[in-house]
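Because only heavy atoms are used, hydrogens play no part in the values below, and waters and symmetry mates are left out as well, while side chains stay in.
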Amino acid sequence: MKKLFLISCFALAASPLFSQIPEKIGTFKISDVQLSDSRFKKNQTADIHYILGLDADRLLAPYLKEAGLKPKAENYSNWENTGLDGHIGGHYLSALSYMYAATKNPEIGARLDYFLSELQRCQASDGYLSGVPQGRKIWQELHDGNIRAGSFGLNDRWVPLYNIHKIYAGLRDAYLVGGKTQAKDMLIKLTDWMITVVEKLSQSQIQQMMISEHGGLNETFADVYAITKDKKYLTLAHQFSDTTMLNPLLRGQDNLTGKHANTQIPKVIGYKRIADLEGLNDWDKASKFFWDVVIKQRSVSIGGNSMREHFNPTNDFSGLLASEQGPESCNTYNMLRLTKMLYQTSGDKSYIDYYERALYNHILSILNPVQGGFVYFTPMRSGHYRVYSQPQTSMWCCVGTGLENPARYGEMIYAYQGNDLIVNLFIPSELTFSAGKLIQTNNFPYSESTDLEFSMSGDKKFALKIRKPIWSDNVAITVNGEKISAKEEDGYLVVSRKWQNGDKIHVDLPMHLSFETTPDNKPQYSFLYGPIVLAAKTGTERQDGMYADDSRGGHIAYGPQIPQYQMPSIIGEKDGVLSHLKPVNNKPLTFSLSGLSLPQYENMTLVPFYSLYECRYQIYFPLYSSKEWENKKLEIAAIEKAAMELEQSTIDKVFCGEQQSESDHFISQDYSWNGSDGGVHFRTARGKFSYKMNFQNAEKILVKGFRDFRKIGVSINGKDLGYFDFDNSGKVEIAIPNDFSAVDCTVEFRPEASKETPRVSEIRILK
C-alpha cells in the first residue's frame with residue numbers, strides 16, 4: 001500500500017502507520033513535547049506518584065493466574081477480582097508507555113520494562129494473554145459457536161472482550177509509543193490467537209458477540225494491519241465492527257438515545273481507523289456524523305456526555321442535571337481520541353476548539369491535585385460532589401483512562417502541515433522539532449496571552465500557524481516587539497518568514513464572558529470565560545465516600561443530595577443573563593453572581609471549574625422570571641420532596657437494563673433482554689433474571705416499569721413471594737417477609753407460565 005506521509009522538516013515526528021485517507025495535519029510524538037509549570041504539569045506529577053503507588057505485581061496477578069503461573073501477589077480488589085480482572089493492567093501498560101515517552105522518568109521506564117517482561121512470561125505458546133477469569137473456557141465456548149451475549153456480559157462473564165481489549169491497546173502503545181519492540185511480537189501473537197478463536201464462526205455469530213461491550217477491538221486489529229501490512233488483520237477488524245451501530249451512522253441516523261455511551265465511542269474510533277487505512281469515505285463520514293451528534297446535541301458545557309453512562313435524550317437534559325451520575329470520564333477520554341483522528345484528516349480547526357474545551361474543563365478537573373485520585377462521574381446536579389479513587393481500593397475503568405490522561409496532555413498542543421508549524425493549545429511547554437525548539441510560556445487562562453520563543457542552530461523559513469480560538473475575536477501578534485498583520489487561513493493566524501534563533505512571538509488572546517444552555521435549549525445556563533467553564537463552590541458538608549472504598553459502587557457519590565429548590569436560580573430575563581455576572585477586582589477569572597432566587601447565595605463566587613476539588617459545586621443555573629419562580633419553586637419542592645423521601649428510604653437500587661448498575665448487582669439471567677423506551681431502560685424475560693441486593697433492615701421491594709398488563713413473579717433466595725401486577729403509574733410495592741434481612745440476598749423475577757414479564761425499569765429495596 002502506498003505511503004502518503006507529508007514529507008517536511010517535521011518528518012521525524014511522523015507515525016510508522018500508513019493510510020489511504022491522507023493526513024492533512026501531522027502530530028508530534030509524545031516524546032517531542034515536555035510540559036512546563038502549570039496545572040497540567042502539576043497533574044502529570046501527581047499521576048506519576050499514583051502510577052508508582054500501584055503494585056505492579058498485584059496488577060499482574062490475573063495474567064499470571066490465567067497463564068498457570070504462581071502470582072507474586074494477590075489481585076487488587078474491587079473490579080479487579082469481581083470479573084474484570086486484568087483490565088487495569090492493560091491501561092497501566094498504556095499509561096507507563098505514554099508517561100515514559102512524555103517524561104523519560106527512569107522509575108516509570110523501569111516499571112514499564114518489568115511489567116512488559118512479566119506479561120511476556122505469561123504469554124503461552126499459543127499467543128494467549130489475558131486476565132479474564134477462567135478465560136480459556138469462555139474462548140473455547142465462543143470458538144465452538146456457543147455464544148451467550150448481552151450488554152452486561154458474554155458467556156456468563158463481565159464483558160471479557162472489553163477486558164482483553166485493554167491488553168491489546170497496552171501492547172500497541174508499548175510498541176508505538178514506548179518503543180518496546182518485544183511488545184510488537186506479543187501484540188501480533190495475541191491477534192493471531194484471536195483469529196483462531198473466530199475462524200470457524202460466521203459473521204452473524206461474530207456480530208452476536210458484539211452485543212457485549214468490546215472496547216475498540218476493531219481499532220487495535222486495524223492497527224496490527226497497519227504495523228504488519230497483512231490484510232488478514234484488516235479482515236479481523238471488519239469482523240469486529242458492530243454493524244448495528246455502523247449502519248445507522250452510514251445512513252446519517254442518530255439512534256444513540258439510551259445506548260451505553262462508552263460502548264459506542266470506541267467502536268467509532270475503530271470505524272475511523274479502518275476508514276483511514278482503506279480509504280472508506282462513507283465510514284469516515286459516519287464517524288464525523290457521530291462526533292457532530294455527540295458534541296453538538298448530547299454534551300454539556302464541560303465537554304462530557306451521558307447520564308448513568310448512557311446517552312440521554314437530545315430534547316431533555318433534566319435527568320442528567322438531576323443525576324448524581326453525570327458525564328463519565330472514559331467517554332471524554334475516548335471522544336478526545338476520536339477528535340484527534342478527525343482533525344488529522346480534515347484540518348478542521350473546530351475539532352481543536354472542542355478538544356480544548358473538554359481538556360480544560362473535564363479531563364483536567366478529574367484528578368485531585370492534592371490527594372491524587374480520579375473521578376468517574378462528574379455530576380451536573382447542583383450542590384452535589386465528586387468521588388476520588390484511591391490507589392489500593394479503586395479499580396474502575398475511569399481509573400484506567402485516568403492514569404493515561406496526564407501523560408497525553410501534550411499530544412495536541414502542537415502540530416504541523418507540510419513545512420508549517422502549528423500552535424493549537426496555549427499550554428506552557430517545550431516542543432523539540434527538526435529545526436530546533438519552540439518554548440511556550442504563559443499563565444493562561446489567568447493571563448490572556450502566550451509567549452513563544454524559537455531556539456534554533458540556524459535560520460529556517462516556514463510558516464507559524466497560531467490557532468484563532470472561537471472564544472477570541474481580536475487576537476494580536478507581535479514578533480520581536482513589532483506588531484504583525486497576520487493573514488487568517490482556515491481558522492489560523494499565519495506568520496511566514498525566515499525564523500532565527502531567539503525570535504520571540506507574543507500573542508494577545510482577549511477573552512470575554514459567554515453563556516450557553518444545554519442542547520435541549522432549556523433556560524439553564526452555564527457561564528464561560530474564554531474556553532473556561534465557571535462554577536461555584538457551594539459547600540463541603542456530607543461528602544460521604546468522597547475517597548472511594550473498594551465496594552462495587554464506590555465510584556458513585558451516594559451522599560445526601562441537596563433539594564434543587566434549595567439551590568440558587570437566576571431571576572431575570574435571557575437577554576440580560578450576563579449582567580448578573582461581574583468580575584471581582586484583582587482576582588483573575590473570578591466573578592460574582594447576583595440577582596439570585598435565594599438571598600443566602602447572593603453574590604456567590606464563580607471560578608474555573610477545574611480549580612475546584614473536594615467540594616460541592618454548581619455549574620448550571622436555571623433562569624426564571626419573578627412570576628415563574630413563585631410557581632416553579634413550589635413545583636420543584638413537591639417533586640424534590642417525593643424524590644428525596646424515596647432516596648432516603650432506599651437501601652439498595654438497580655436500574656434495569658443499564659450495564660454498570662446490573663453488573664454491580666451481579667445480574668444472572670436466562671432468556672432475558674434489555675431495551676429502552678422513551679429514554680427509560682428496562683429488562684424483560686421469558687425466563688428469569690435476578691440481582692444480588694442489600695436487604696439489611698428492609699421492609700419492601702419497589703418495582704417500577706411499564707404497565708404491560710402482565711404479572712411478574714418475585715422470589716427472594718428461592719422463596720416465592722407470588723405474582724404481582726403494576727398499578728396505573730407503573731409500579732408495585734411488595735412486602736418482605738421478616739426472615740430476610742441480610743446484606744446479600746438474591747431477588748429473582750420471572751413471568752407467568754408461557755408469558756413474558758412486564759418491562760422492569762427500576763428495583764429498590766426500601767426501609
Side-chain angles (χ1 to χ4, degrees), residues 299-304 317-318 320-322 326 357 360-362 365 378-385 445-446 448 469-474 510-540 562-612 615-637 640:
S299 297
V300 291
S301 62
I302 64 170
F317 275 66
S318 58
L320 196 159
L321 266 61
R357 171 80 72 95
Y360 273 94
N361 300 299
H362 195 186
S365 74
T378 297
M380 292 293 104
R381 181 184 176 89
S382 296
H384 213 57
Y385 65 99
Y446 294 93
E448 300 176 22
I470 194 172
W471 40 262
S472 188
D473 295 326
N474 300 307
M511 297 190 283
H512 60 269
L513 280 169
S514 63
F515 64 91
E516 60 183 48
T517 64
T518 46
D520 58 1
N521 206 33
K522 301 287 176 60
Q524 46 209 12
Y525 295 96
S526 176
F527 296 101
L528 297 94
Y529 191 70
I532 307 301
V533 172
L534 303 173
K537 178 179 178 180
T538 61
T540 57
I562 307 300
Q564 294 302 276
Y565 67 88
Q566 294 180 11
M567 297 307 298
S569 299
I570 300 171
I571 306 302
E573 303 295 333
K574 178 180 178 180
D575 290 345
V577 69
L578 279 182
S579 66
H580 293 263
L581 209 56
K582 303 294 183 186
V584 176
N585 290 335
N586 301 317
K587 290 187 176 181
L589 274 176
T590 305
F591 301 84
S592 64
L593 186 62
S594 62
L596 302 178
S597 59
L598 302 172
Q600 65 268 33
Y601 287 107
E602 188 67 10
N603 293 317
M604 69 190 309
T605 300
L606 271 64
V607 295
F609 175 60
Y610 75 73
S611 71
L612 297 179
C615 68
R616 293 176 177 266
Y617 55 84
Q618 183 166 354
I619 294 175
Y620 278 92
F621 295 83
L623 175 71
Y624 302 105
S625 67
S626 298
K627 184 177 180 180
E628 285 175 329
W629 174 244
E630 291 304 314
N631 296 325
K632 193 67 179 180
K633 68 181 178 182
L634 298 176
E635 178 188 333
I636 295 173
E640 283 285 313

**Asked** Of the non-hydrogen atoms in Ala536 and Met604, which two are nearest, and what is the gap between them?
**Response** CB-CE, 3.4 Å

**Tyr525/Phe515 aromatic ring centres below 6.0 Å** = yes

**Item:** Within 6.0 Å of CG in Leu612, more than 12 heavy atoms from elsewhere
**Value:** yes

**Asked** Does the Ser579 side chain pair with the main chain of Gly576, one donor and one acceptor, at a distance under 3.5 Å?
**Response** yes

**Message:** Evaluate Leu593 against Asn603 for side-chain contact (heavy atoms from CB on, under 4.5 Å), listing each step before the verdict.
**Reply:** CA-CA 5 Å; Leu593 186 62; Asn603 293 317; over 6 Å; no

**Shortest non-hydrogen separation from Tyr620 to Ser526 and the atoms involved** = CE2-CB, 3.6 Å

**Asked** Hey, are the side chains of Ile619 and Met380 touching, using non-hydrogen atoms and a 4.5 Å cut-off?
**Response** yes

**Asked** Shortest non-hydrogen contact from Ser299 to Gly303?
**Response** OG-O, 4.2 Å

**Item:** Close side-chain approach of His362 and Thr378, heavy atoms under 4.5 Å
**Value:** yes

**Prompt:** Does the Gln618 side chain pair with the main chain of Met567, one donor and one acceptor, at a distance under 3.5 Å?
**Reply:** no

**Prompt:** Any side-chain heavy atom of Ser365 sitting closer than 4.5 Å to one from Ile302?
**Reply:** no

**Request:** Please answer whether the main-chain N or O of Val533 pairs with a side-chain N or O of Asn361 as donor and acceptor at a distance below 3.5 Å.
**Result:** yes

**Item:** CZ on Arg616 to OH on Tyr385, rounded to 0.5 Å
**Value:** 6.0 Å

**Message:** If you define the side chain from C-beta out and look only at heavy atoms, does anything of Val584 sit under 4.5 Å from Lys582?
**Reply:** no

**Message:** Could you go through Glu516 and Arg357, starting from their C-alpha distance and side-chain angles, then the distance that decides it, and tell me whether this counts as salt bridge (charged side-chain N to carboxylate O under 4.0 Å, His left out)?
**Reply:** CA-CA 13 Å; Glu516 60 183 48; Arg357 171 80 72 95; 3.1 Å; yes

**Prompt:** What's the spacing between Lys627 NZ and Ile571 CD1 if we round to 0.5 Å?
**Reply:** 14.5 Å

**Message:** For a 4.5 angstrom cut-off between non-hydrogen side-chain atoms, does Lys522 reach Phe317?
**Reply:** no

**Side-chain heavy atoms of Gln564 within contact of Leu321, under 4.5 Å** = no

**Prompt:** Considering only heavy atoms from C-beta outward, does the side chain of Val607 approach that of Leu589 to under 4.5 Å?
**Reply:** no

**Message:** Any donor-acceptor pair under 3.5 Å linking the side-chain atoms of Glu448 with those of Tyr529?
**Reply:** yes

**Prompt:** Between Phe591 and Phe527, is the ring centre distance below 6.0 Å?
**Reply:** no

**Message:** Keeping Arg381 on the side-chain end and Ile562 on the backbone end, is there a donor-acceptor pair under 3.5 Å?
**Reply:** yes

**Request:** Using the side-chain contact (heavy atoms from CB on, under 4.5 Å) rule, take Ser594 and Tyr601 through it: C-alpha gap first, then chi angles, then the decisive distance, then the call.
**Result:** CA-CA 8 Å; Ser594 62; Tyr601 287 107; over 6 Å; no

**Request:** Mark yes or no for whether Tyr617, through its side chain, and Pro379, through its backbone, hold a donor-acceptor pair below 3.5 Å.
**Result:** yes

**Fill in**
One should read off an interatomic distance between Glu628 CD and Ser597 OG, to the nearest 0.5 angstrom, of 12.5 Å

**Request:** Go through the side-chain N and O atoms of Gln524 and Thr518 and say whether any donor and acceptor fall under 3.5 Å apart.
**Result:** yes

**Request:** Grab the two heavy atoms, one from Ile532 and one from Pro608, that are nearest each other, plus how far apart they are.
**Result:** CG2-CB, 3.5 Å

**Message:** Is there a side-chain contact between Pro510 and Trp471 in this structure, where contact means two heavy atoms from C-beta onward sitting under 4.5 Å apart?
**Reply:** no

**Prompt:** Rounded to the nearest 0.5 Å, how far does CH2 of Trp629 lie from OG of Ser569?
**Reply:** 4.0 Å

**Request:** Enter the distance from Thr590:OG1 to Leu534:CG here, rounded to the nearest 0.5 Å.
**Result:** 9.0 Å

**Request:** State whether the number of non-hydrogen atoms from other residues, nucleotides or ligands found under 6.0 Å of Lys537 atom NZ is greater than 12.
**Result:** no

**Request:** Measure the NE2-CD distance between His580 and Glu573 for me, rounded to the nearest 0.5 Å.
**Result:** 8.5 Å

